[in-house]
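Here is the structure we will look at, set down as structure tokens.
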There are 2 protein chains.
Amino acid sequence: MPDATDPAPMNARRKFRREGEGRRRQDLIEATLDSVAEYGLQGATLRTIALRAGVTAGLIRHYFPGKEELLQEAYTALVGRMTEQAKAALVMDDASPRQRLAAFVTANLNAPIIDARVFSLWATFLGRAGADPALARAHRDGYLGFRNEVEAVVAEVLAAEQHKPDAGELRHHAIAINAIIDGLWIEGCLAGEMFSPGELAAIGIKAVEAELGLAPLKQFQEK
Amino acid sequence: MPDATDPAPMNARRKFRREGEGRRRQDLIEATLDSVAEYGLQGATLRTIALRAGVTAGLIRHYFPGKEELLQEAYTALVGRMTEQAKAALVMDDASPRQRLAAFVTANLNAPIIDARVFSLWATFLGRAGADPALARAHRDGYLGFRNEVEAVVAEVLAAEQHKPDAGELRHHAIAINAIIDGLWIEGCLAGEMFSPGELAAIGIKAVEAELGLAPLKQFQEK
DNA sequence: AGGTTATTTATACACTTGCACAACAAGGCC
DNA sequence: GGCCTTGTTGTGCAAGTGTATAAATAACCT
């Protein structure tokens, strides 16, 4: 119970620190993603987001024109991070195309890309992409970038195997491999505990190699 | 402009018809799915749903304890319909296992299963499955039922090909094929206009046959 | 140190939301 | 027909929403 000699003023205004604009915007975007992942789009209110970011709700309007723009920027940041992580697995200079492809599949089917929180965000935003052109565009850009990466690696792999696929064949392979990775990614995110560690990656590599008509290699089997 | 001799009473209460309980509940569930697909979970308010169902908002509480239960029943109905449609493609008595598998893939990669509205619903609800155990359970049941169907057909196909896979091998095939279908389904729903008719099904069949190590058949190529 | 700026808080407001409840009427039963 | 059940409407309400804006104050400049 408060003492009569309580030294604190009764209506003390909250202490705060001024952060740089970049930092605050990033914090708010992160808080937005956290809130959406945990409570969904309906539960991600400005007050919830502000609470998680450690500020008050009014501040959001100082950095974003409105809630919609905040959500769009958050989704753009999410998509960018996802594709960036995925493509990072491809930068292995001193590796054969096949090794790079296998590493790509493995990276996409393990943490941190297999992640329930990211999946929740992905699904939540994508559910609104049908009605929100801005979200649809953000997704489309990320998806096409991803598929182009796949197609490039596939072309290298087939070239190394003395295959010379035409454009249509290459495209079909890229679409199928993209589907394999996406589908396994979803299964892993939604029911990760149903698979032993590395199992999804092993399934994915075998499926991709079968799609490309490659004989299995030993070195990328589950160790 | 209303005439001074307007015969209608000014505060006329709305005319209505009494529908059977089954019909009303189904109409409300359908209106809920429509609203969620079009406006998302946040936009699917009781008033929006009631408007689309042709009733007033208060009536919803006469059939459902609250909004949450309505949403859960709607999602359950959606999942049930999806898996039912998918499995319906498998009931071809006088067909070889391989034909049935190909027909299954084809059915899942064309309308009405490839559908932007259904995808929007699927993603929207699944985004909340991470936080809502009831939704997670509804999804899990549908998914496992689907995968078991796949596994059964795969077993028949391999048996017809004189293969005798062990349980682990069979499970891996089912997981991979399920991923292929899911991944292509998503691509088709999100960017259907990027694919020519039948293209996704052709890609899917080829990928599935490659996964199972089957030599391609002519009769299920794109015609 | 003192003045200035613009970041941050706090409050207010119009509006929507899910839910509760009383009034009403549609359709079956006698 | 008249009554009775209950499906259905309309209204009200408290809580919560996004947005607007004034007041406060942390940090920078000289």
Side-chain angles (χ1 to χ4, degrees), chain A residues 8-32 35-36 38-75 124 128 132 134, chain B residues 8-36 38-75 124 128 132 134:
Chain A
M10 303 213 324
N11 287 346
R13 189 171 254 250
R14 174 181 176 156
K15 297 294 183 209
F16 62 92
R17 280 202 334 160
R18 300 185 147 188
E19 303 283 357
E21 163 161 353
R23 171 69 185 275
R24 266 281 132 81
R25 289 179 64 93
Q26 187 162 336
D27 282 352
L28 286 172
I29 285 178
E30 209 56 42
T32 302
S35 301
V36 172
E38 191 156 353
Y39 311 110
L41 275 178
Q42 35 179 1
T45 71
L46 290 181
R47 285 164 177 85
T48 301
I49 294 169
L51 179 68
R52 194 175 287 249
V55 298
T56 52
L59 184 61
I60 294 180
R61 287 267 316 187
H62 198 260
Y63 290 102
F64 299 91
K67 191 192 180 185
E68 196 172 321
E69 287 81 1
L70 171 61
L71 286 173
Q72 281 172 9
E73 285 207 33
Y75 182 57
T124 300
R128 279 202 42 180
D132 187 331
Chain B
M10 304 213 326
N11 286 345
R13 189 171 256 249
R14 174 179 176 158
K15 297 295 183 210
F16 61 91
R17 282 199 333 157
R18 300 186 150 191
E19 302 282 357
E21 164 161 352
R23 171 68 185 275
R24 267 282 189 262
R25 288 178 65 92
Q26 186 163 337
D27 282 352
L28 285 171
I29 285 178
E30 209 55 43
T32 303
L33 292 177
D34 282 341
S35 301
V36 172
E38 190 156 352
Y39 311 109
L41 274 178
Q42 35 180 0
T45 70
L46 291 182
R47 285 165 177 84
T48 301
I49 293 169
L51 179 68
R52 195 174 287 249
V55 297
T56 52
L59 185 61
I60 294 180
R61 286 268 318 190
H62 199 258
Y63 289 102
F64 300 91
K67 190 191 180 186
E68 197 171 320
E69 288 82 1
L70 171 59
L71 287 172
Q72 281 172 9
E73 285 207 33
Y75 182 57
T124 300
R128 280 201 43 178
D132 187 332

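All of these numbers come straight from a predicted model, not from anything done at the bench. Lettering follows sequence order; numbering is per chain, from 1. The figures that follow rest on heavy atoms only: side chains count, while hydrogens, waters and symmetry mates do not.
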Should the side chain of B:Arg14 and the base of D:dG10 be counted as holding a donor-acceptor pair, with the cut-off at 3.5 Å? no
Would you kindly give the CZ-to-C1' distance between A:Phe64 and D:dG18, to the nearest whole Å? 15 Å
If you compare every side-chain N and O of A:Tyr63 against the phosphate oxygens of C:dT8 (OP1, OP2), does one of them come in below 4.0 Å? yes
Between D:dG16 atom P and A:Ile49 atom CD1, what is the distance in whole Å? 17 Å
In whole angstroms, the gap separating C1' of C:dT8 from CG of A:Leu51 amounts to 16 Å
Would one find a side-chain N or O of B:Arg61 under 4.0 angstrom from OP1 or OP2 of C:dA20? yes
Quick check on D:dT8: is either OP1 or OP2 less than 4.0 Å from any side-chain nitrogen or oxygen of B:His62? no
Could you note down all residue pairs passing salt bridge (charged side-chain N to carboxylate O under 4.0 Å, His left out) where residues 55-70 of chain B supplies at least one of them, sequence neighbours left out? none
Integer-rounded Å distance: D:dG18 P and A:Lys67 NZ: 4 Å
Let's see if you can work this out: which of C:dT9, C:dG18, C:dA25 has an atom nearest to the side-chain heavy atoms of B:Phe16? C:dA25
Check the phosphate of D:dT5 against B:Arg18, side-chain N and O only, distance under 4.0 Å to OP1 or OP2. Yes or no? no
Ring-face cation of A:Arg25 near A:Phe64 (centre distance under 6.0 Å, axis angle within 45°): yes
Would A:Thr56 and A:Arg47 satisfy side chain to side chain contact (heavy atoms under 4.5 Å, CB included), going step by step from the backbone distance to the final call? CA-CA 7 Å; A:Thr56 52; A:Arg47 285 164 177 85; over 6 Å; no
So, under a plain 3.5 Å distance rule, would you say the side chain of A:Arg13 forms a donor-acceptor pair with the base of C:dT9? yes
Examine D:dG10: is either OP1 or OP2 under 4.0 Å from a nitrogen or oxygen in the side chain of B:Thr56? Give yes or no. no
